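No experiment lies behind these values; they were computed from the predicted model shown.
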Amino acid sequence: MDKKAAAAVSVIGGSDGPTSIFLAGGGRQKEKNPWRRFKAAQRNAAYQRRRARAEKSIRPGAHSMEELETYMIGKYGAVEVPHDDPVYVENCKNMRAALAMHYHPELVGERPPKPDMEAIRALDEPGQKEALKEYMEACMRVQERAAALSEDVMPIDYHCYEIKPGEYSQVHIELEKLHGFVNGGCSASTMRRHGGKRLMKEAKQIMADIHRYYGVTEEDIREKSERYHELLVVLTDVM
């Protein structure tokens, strides 16, 4: 292995498991460019300020899934994706797998613990690759078992809505009523003549408003529940 090649190991993960593993950096650790380090510190400080404002803005006031559906339809003209639509079928399958891994490990097996990165760094290159390969294969086995679960084994009450604020933007909202899960995303044209950043900002504001309406209880705020953290992440993005 070239001495200038990658040596440090990083794991990027989310609430439902790792999304990627990569080797980065290398040999001698070089000091970061001072300007880039300064800009990174600025971005982090700005993020922390937005997060603090989002936290201060959260107040108790939760609504049910049924109330949320009525709100989205009435205020934004949300349209439910038909259950025989290929988009719905695929998203429903993915939702079942994600919920099974998160809430029902007894059905798919426990996810492997994240690898000891210090121990892996001490290995030579073939050892690092083999350790990471074994970890990723173990994760994939859990995901495959989750994806293969049937409705009978892992029932869910899944609904998918689409909101079109305009011709060139869209908000996508997923509801799973049995576990009280709300997820969403938005997309918009980046073309300047279509509105560019303004369209995405408007779409994100709609998504944030929907999450805020779904809301949290006093207990969610006190216990810093998943529902609270999901709301905090969405609000931070629009602050």
Side-chain angles (χ1 to χ4, degrees), residues 1-32 36-37 40 43-44 47 51 86-156 158 160 172-176 178-187 207 224-230 232-234 236-237:
M1 181 179 180
D2 189 326
K3 291 183 179 179
K4 295 182 180 180
V9 183
S10 297
V11 174
I12 299 177
S15 60
D16 290 321
T19 55
S20 64
I21 295 183
F22 61 92
L23 301 177
R28 298 177 180 178
Q29 296 296 318
K30 295 182 179 180
E31 183 178 0
K32 290 183 178 180
R36 291 181 180 177
R37 189 168 65 247
R43 288 192 296 271
N44 182 62
Y47 171 81
R51 184 181 174 91
V87 172
Y88 174 90
V89 173
E90 183 64 22
N91 288 348
C92 184
K93 178 181 177 181
N94 293 338
M95 178 66 74
R96 179 178 289 107
L99 292 173
M101 287 188 290
H102 190 71
Y103 293 107
H104 304 286
E106 72 279 2
L107 296 176
V108 297
E110 292 286 347
R111 285 176 295 179
K114 289 184 179 180
D116 183 340
M117 303 315 299
E118 290 300 324
I120 290 180
R121 289 190 185 97
L123 301 174
D124 57 15
E125 182 189 4
Q128 289 181 357
K129 290 184 176 180
E130 183 61 28
L132 296 177
K133 179 183 176 182
E134 290 179 0
Y135 173 66
M136 289 304 295
E137 287 178 347
C139 291
M140 288 302 299
R141 286 194 291 271
V142 173
Q143 293 173 4
E144 289 169 359
R145 288 194 292 270
L149 292 175
S150 67
E151 173 70 20
D152 294 337
V153 175
M154 177 66 192
I156 63 174
Y158 174 76
C160 178
H172 175 84
I173 301 293
E174 296 178 283
L175 310 180
E176 201 293 303
L178 296 184
H179 297 84
F181 186 80
V182 178
N183 189 31
C186 49
S187 60
M207 190 167 65
K224 298 295 187 288
S225 68
E226 286 185 35
R227 183 163 171 169
Y228 171 85
H229 280 291
E230 288 165 2
L232 178 59
V233 168
V234 174
T236 299
D237 195 35

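Looking at R51 and Y47, their side chains come closer than 4.5 Å, going by heavy atoms from C-beta outward. Residues E174 and F181 fail the side-chain proximity criterion, which asks for heavy atoms closer than 4.5 Å. No side-chain heavy atom of M95 sits less than 4.5 Å from a side-chain heavy atom of H179. Under the 4.5 Å side-chain criterion, counting only non-hydrogen atoms from C-beta, H172 is in contact with N91.
By the 6.0 Å contact criterion, NZ on K133 is open, its count of non-hydrogen atoms from other residues, nucleotides or ligands being 12 or less.
When all heavy atoms of A100 and L149 are compared, the closest pair comes out as CB-CD1, 3.5 Å.
Judged as a ring pair (Phe, Tyr, Trp, His ring centres under 6.0 Å), and not counting sequence neighbours, the contacts of Y88 are H83, Y158.
The pair E151-R96 meets the salt-bridge criterion, with a side-chain N (NZ, NE, NH1 or NH2) lying under 4.0 Å from an Asp/Glu carboxylate O. Using a 4.0 Å cut-off between charged nitrogen and carboxylate oxygen, E230 and R227 do not count as a salt-bridge pair.
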If you apply the rule salt bridge (Lys or Arg N to Asp or Glu O under 4.0 Å), what do you find for E118 with R121, and how did you get there? CA-CA 5 Å; E118 290 300 324; R121 289 190 185 97; 2.9 Å; yes

Step by step, would you call E130 with L123 a side-chain contact (heavy atoms from CB on, under 4.5 Å)? CA-CA 10 Å; E130 183 61 28; L123 301 174; over 6 Å; no

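In this structure, the separation between CG on L232 and CG on D237 is 11.0 Å, given to the nearest 0.5 Å. Rounded to the nearest 0.5 angstrom, M136 CE and K129 NZ are separated by 15.5 Å.
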